Amino acid sequence: LGSLGAGDGATQAEVLLDGSVAYLNLPLLTELLPGGKPWIKIDLEAAAASEGFDLGQLAQAGQNDPSQFFAYLTAAEGVEEVGTETVRGEETTHYRATVDLERAAAEAPPELAEQVQKAVDQIRQTAGKTTVPVDVWVGNDGLIRRATFDYSSTETEPPVESTITMELLDFGVEVTVDPPPADQVMDASELGGLLGGGSDTDTGSA
């Protein structure tokens with residue numbers, strides 16, 4: 001579950017991962033789509049092979065293990081301890097740092113290197129940034145409980161104000177994923193024309 005900030009507003013984005021298929025519920029996007037279906041279904045393997053399909057690349061950023069997203073933190077610099085705070089009832093230590101995006105791409109695991117480089121290139125192109133401020137809350141058990149990435153930029157016209165906040169909970173708990181009802185889902189392959197791009201994705205029904 002993530003929080004995306006835009007200007008003075010914010011919205012919640014919910015992502016369900018079922019094997020290599022992701023279901024994305026992002027109100028800012030689905031409000032613009034026909035049919036009123038709140039969920040978008042993305043076949044991550046097919047999206048990865050499709051050129052120019054940024055929505056698929058975004059959803060694929062965490063692969064099937066969302067913890068891989070935190071590979072960016074290995075490139076954190078200037079780490080400072082802010083203090084102690086409680087996150088969902090857990091005592092945590094709040095740290096602040098800056099992620100060097102080029103270093104993150106260079107040091108990414110081989111299986112993620114190409115994917116991370118594409119994300120870094122896109123951030124640099126759209127926001128004119130090579131570094132990203134981050135805040136991380138770490139529990140006494142050494143596990144990350146919350147992380148905030150600030151993609152805001154004054155290098156663009158108009159300026160971009162955007163942050164992503166993720167909270168992690170229920171570590172070690174067995175999870176059963178129930179895909180959304182089929183009548184509430186739009187397949188990502190239907191979005192090519194709507195988003196100005198194309199996709200050969202064919203995921204079928206849940």
Side-chain angles (χ1 to χ4, degrees), residues 1-6 9-30 37-45 47-48 55-76 79-97 99 104 107-109 111-112 115-116 119 132-151 162-188 203 205-206:
L1 187 63
S3 176
L4 306 179
T11 187
Q12 295 292 320
E14 187 174 2
V15 179
L16 296 178
L17 292 174
D18 184 11
S20 63
V21 175
Y23 297 88
L24 175 67
N25 184 344
L26 178 60
L28 280 179
L29 176 60
T30 54
K37 297 182 179 181
W39 291 92
I40 298 172
K41 179 180 179 181
I42 306 168
D43 185 319
L44 301 182
E45 292 182 357
L55 182 60
Q57 293 173 12
L58 173 64
Q60 194 190 13
Q63 292 289 330
N64 294 331
D65 181 358
S67 68
Q68 292 179 356
F69 184 86
F70 295 103
Y72 288 100
L73 296 180
T74 62
V79 179
E80 62 175 297
E81 183 176 325
V82 178
T84 58
E85 299 175 25
T86 300
V87 176
R88 291 182 176 266
E90 297 286 341
E91 183 178 345
T92 68
T93 301
H94 178 185
Y95 297 95
R96 182 166 293 149
V99 170
E107 298 181 359
E111 67 273 15
L112 293 177
Q115 175 183 313
V116 172
V132 172
V134 299
D135 286 82
V136 180
W137 289 257
V138 181
N140 294 331
D141 53 8
L143 299 174
I144 295 175
R145 304 291 176 168
R146 176 189 291 158
T148 296
F149 296 78
D150 186 355
Y151 295 98
S162 177
T163 61
I164 295 178
T165 296
M166 295 178 290
E167 291 190 351
L168 293 86
L169 63 155
D170 294 337
F171 293 93
V173 175
E174 185 174 346
V175 177
T176 300
V177 177
D178 294 320
D183 62 356
Q184 297 294 305
V185 176
M186 172 175 284
D187 196 287
T203 60
S205 301

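As the structure is a computational prediction, the values presented were derived from the model and not from experiment.
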Write down the atom of Ile144, the atom of Phe171, and the distance for their closest heavy-atom approach. O-CZ, 3.3 Å
Among Thr148, Leu73, Asp150, side chain to side chain contact (heavy atoms under 4.5 Å, CB included) partner for Val134: Leu73
Applying side-chain contact (heavy atoms from CB on, under 4.5 Å), name anything that partners Asp141, two or more places apart in sequence or on another chain. Leu143, Arg145
Kindly give the heavy-atom pair with the smallest separation between Ala76 and Val79, and that separation in Å. CB-CG2, 4.3 Å
Measure the spacing between CD of Glu85 and OG1 of Thr92 and express it to the nearest 0.5 Å. 6.0 Å
Between Met166 and Phe149 the two heavy atoms that sit nearest each other are CE-CE1, 3.8 Å
Between Pro38 and Asn25 the two heavy atoms that sit nearest each other are O-OD1, 3.3 Å
Mind listing the closest non-hydrogen atom pair of Asp135 and Arg96 along with its distance? OD2-NE, 2.7 Å
So His94 and Trp137, would you call those rings parallel, tilted or perpendicular, with 30° and 60° as cut-offs? parallel
Under the side-chain contact (heavy atoms from CB on, under 4.5 Å) rule, collect the residues that match up with Glu174, sequence neighbours excluded. none
How would you list, by chain and number, every residue that makes a side chain to side chain donor-acceptor pair (under 3.5 Å) with Glu107, sequence neighbours excluded? Arg103
Which heavy-atom pair separates Val99 from Ala104 by the least distance, and what is that distance? CG1-CB, 4.4 Å
